[in-house]
Protein chains: 2
Amino acid sequence: MTNKDNSEPTIYPMPLVRVDLAVFSIQEGCLKVLLSQRKEAPFKNKWGLPGGVLRIDLDESFHAAAKRIGVERIGIAPTGLQQVVTVGGAKRDPRAPWAVSVVFRGMVKPDLQLSLGKRINALEWRPVTDAGASSELAFDHRDLIELAVIDIRNKVRELHFPEGTLPDTFTIPELQALSEEILGHPLDKVTFRRRVLAKEILVELSEELRGGAHRPAKIYTLNSKSMKAKTKLNANN
Amino acid sequence: MTNKDNSEPTIYPMPLVRVDLAVFSIQEGCLKVLLSQRKEAPFKNKWGLPGGVLRIDLDESFHAAAKRIGVERIGIAPTGLQQVVTVGGAKRDPRAPWAVSVVFRGMVKPDLQLSLGKRINALEWRPVTDAGASSELAFDHRDLIELAVIDIRNKVRELHFPEGTLPDTFTIPELQALSEEILGHPLDKVTFRRRVLAKEILVELSEELRGGAHRPAKIYTLNSKSMKAKTKLNANN
DNA sequence: CAAATAGTGTCTTTGAGACAATATATC
DNA sequence: GATATATTGTCTCAAAGACACTATTTG
C-alpha cells in the first residue's frame with residue numbers, strides 16, 4: 001500500500017518536536033521538580049514541565065536545545081542535563097497532528113533565582129511525591145516526571161551524582177543527607193561512608209568546619225575521576 | 001534576540017525524524033546485529049542500521065513506527081522493541097538541515113527468513129564485536145549499536161530477557177548458554193542457577209527431554225510475573 | 001562534663017564465585 | 001559400566017545492614 005515509498009524521505013510531513021525539562025532541586029529536605037503553569041491552550045492554566053519547541057535554526061543538538069529552553073523558560077540552564085526518554089504520538093498535542101517530546105533531566109541549585117519565561121504564568125517547586133500523585137498535569141507529564149525521578153534515583157543509588165547536584169565542597173554526612181533527600185528514604189551511616197570511600201570519588205581537603213557544638217566533619221570535593229563519568233554514550237544528545 | 005517567540009510553535013521548520021532499528025539475534029553462538037547496505041546516498045553502499053522515516057499518517061507512536069519499519073525493511077517486526085536513545089543534530093544527514101533518529105532495540109529468532117526492503121542492497125548479520133570495531137558504518141550508527149549492545153547486556157545481566165529472546169521452553173543450561181552468548185563471556189553454573197531460581201521467573205513443566213547421552217534437564221517456561229515486567233514506563237514509546 | 005554529631009569496630013546476612021560431589025540419562 | 005551433562009553441597013569472599021562504641025568539638 002505504500003508504493004510511492006521510493007521518493008525522498010523529506011517530503012513527508014514531520015511532527016512537532018519539543019524538548020521538555022524535568023528540573024530538580026533539593027529544597028526543604030526533599031526532592032522537588034519544577035512545574036510551570038501554562039498561559040495558553042492546550043491545558044491552559046494547568047501545570048506541566050517547562051519546555052519548548054526544537055529550533056533547528058538555533059539548536060546544534062538536543063542537549064543544546066535543552067540548555068536554550070532552560071534559559072528561555074526559567075532563566076537558567078540546568079546542570080547535568082541528561083536525556084530520559086522520547087515520547088511521541090498522534091494525539092499528544094492538539095496543536096499538531098503528531099507531537100514528539102524529548103525529555104531531559106537536570107538540576108538547579110536551590111538558591112538560584114528563576115525568572116518567568118514566555119507563555120508561563122508561574123513557576124512552582126513541587127515535591128516529587130505530590131507530583132506523582134497529582135493527575136492534574138498537562139499532557140502525559142505525570143508519567144514523564146515519574147521516569148525522570150526513577151532515573152535520578154538510580155544514579156544517586158549508584159553514587160553517580162549528576163553535575164550540579166552537589167555543592168563544591170561537602171562533608172560525608174552532608175552527602176548522605178542529600179542522597180537521602182533524593183532517594184526519599186534513610187540510609188545506613190556506616191554503609192554509606194564505606195561505599196563512598198570505596199568508590200574513591202572524593203578528595204579530602206585540608207580544611208575543616210561545619211560548626212555546631214560537636215565534632216567537626218572532614219571536607220571533601222569530587223575528584224577528577226568521578227567527573228569523567230560522562231562518556232561518549234551520554235554525550236550524544 | 002528571539003523576540004517573535006510568541007507565535008504558535010507549529011510555524012517553525014521541523015527536523016527529519018527517523019526510527020532506526022538495532023535488531024539482534026543469536027547465531028553461531030554469538031550476538032549479532034542486523035546491518036543493511038544502503039542503496040542510495042548518503043553513505044551509498046555503506047552498511048548501517050535499517051531504519052525509516054517516521055510517517056505521522058501511518059504511525060500511532062514511535063513503537064508502532066518501529067514495528068512498521070521492521071516489516072518494511074526486513075520483512076518482520078522484531079519482538080521486545082524498546083527505545084534506546086534519541087539523537088539529533090544539524091549535520092547528521094545531508095538530506096535534511098536537521099535530522100533526528102529514535103533508536104529501538106529488538107530481537108528476531110535466528111531461523112526467521114528476512115526479506116529485503118526498499119532502498120536496501122543487502123542484509124547481513126554482523127557479530128557485535130566486529131560491528132563495534134568497524135568504523136565503516138553510515139552516520140553515527142557505530143555509536144548507536146554500542147549503546148544498544150550495552151542496553152541488552154544490562155537487561156540480560158539482571159535476568160530481564162527481552163521478549164523474543166528466549167524460545168517458548170528451555171532448560172536452565174540452555175538459558176545460561178544464551179545469556180553467555182549475549183553477554184560475551186562465560187557465567188558460573190551454580191551462581192546462574194541460583195539467581196534464576198531465586199528470581200522466580202520460571203515455571204517447571206512436567207515434561208523432560210534434551211537428549212544426548214547424559215542426564216536430561218528439566219524444562220521451564222517464563223511465568224506470567226516475568227512478563228508483566230513491562231510497566232507503563234517502557235510502554236510510552 | 002553534657003550534648004551532639006563524626007567516625008570506627010565488628011557481627012551478621014546475603015549474594016556471588018569456585019569447585020567438589022552426586023544424579024541420571026544414553027551407549 | 002563409561003561418558004556426559006544436570007543438579008546439589010559447601011567453602012569462601014565481598015558488600016551491605018545493624019548496632020555498639022569511640023572521638024572531638026562547643027558551651
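In what follows, chains are A, B, ... by sequence order, proteins preceding strands, each numbered from 1. Side chains included, hydrogens not; waters and symmetry mates left out as well; all remaining heavy atoms used.
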Output the residues of residues 177-187 of chain B in contact with DNA chain D, where contact means a heavy atom of the residue under 4.0 Å from an atom of the strand; sort by number or write none.
none

When the distance from CZ of Phe192(A) to C1' of dA15(D) is rounded to whole Å, what number comes out?
16 Å

Among dA25(C), dT7(D), dT5(C), the one nearest Arg215(A) by side-chain distance:
dT5(C)

Would you indicate which nucleotide in dT5(C), dA16(D), dG7(C) comes nearest to any side-chain atom of Arg194(A)?
dA16(D)

Is the side chain of Ser101(A) donor-acceptor paired with the backbone N or O of Val87(A) at a distance under 3.5 Å, no angle test?
no

Take Asp59(A) and Val19(A) through the side-chain contact (heavy atoms from CB on, under 4.5 Å) test and state the conclusion after the steps.
CA-CA 11 Å; Asp59(A) 305 320; Val19(A) 173; over 6 Å; no

Base, sugar-phosphate or nothing for Arg195(A)? Non-hydrogen atoms, less than 4.0 Å.
sugar-phosphate

Euclidean distance, atom CG of residue Leu197(B) to atom P of dA6(D) [Å, nearest integer]:
14 Å

Any chance you could measure Glu181(B), atom CD, to Glu28(B), atom CD, to the nearest 0.5 Å?
11.0 Å

Would you call Val100(A) and Thr86(B) a side-chain contact if the rule is heavy atoms closer than 4.5 Å?
no

Lys199(B) atom NZ is separated from dA16(C) atom P, nearest whole Å, by 11 Å

Between dG7(C) atom P and Gln176(A) atom CD, what is the distance in whole Å?
11 Å

What nucleotide among dA4(D), dA6(D), dA18(D) has an atom nearest to a side-chain atom of His214(B)?
dA4(D)

Got a donor-acceptor pair under 3.5 Å from the side chain of Lys189(A) to the base of dG7(C)?
yes

Could you tell me if the side chain of Trp47(B) sits less than 4.5 Å from the side chain of Asn121(B), heavy atoms only?
no

Show the numbers, then the answer: is there a side-chain contact (heavy atoms from CB on, under 4.5 Å) between Thr129(A) and Cys30(A)?
CA-CA 9 Å; Thr129(A) 48; Cys30(A) 76; over 6 Å; no

To the nearest 0.5 Å, what is the distance between CG (Leu175(B)) and CD1 (Ile201(B))?
6.5 Å

Whole angstroms only, please: what is the CG-C1' distance between Asp188(B) and dC13(D)?
13 Å

With the side chain of Val190(A) defined as its heavy atoms from C-beta on, choose the nearest nucleotide among dA23(C), dT10(C), dA18(C).
dT10(C)

First of Ala213(A) and Thr191(A) reached from the 5' end of DNA chain D, by closest nucleotide:
Thr191(A)

Length of the line joining Arg193(B):CZ and dT5(D):C1', which is rounded to integer Å:
11 Å

Between P of dT7(D) and CG of Leu202(B), the distance in whole Å
11 Å

For atom CZ of Phe170(B) and atom C1' of dA6(D), their distance in whole Å
16 Å

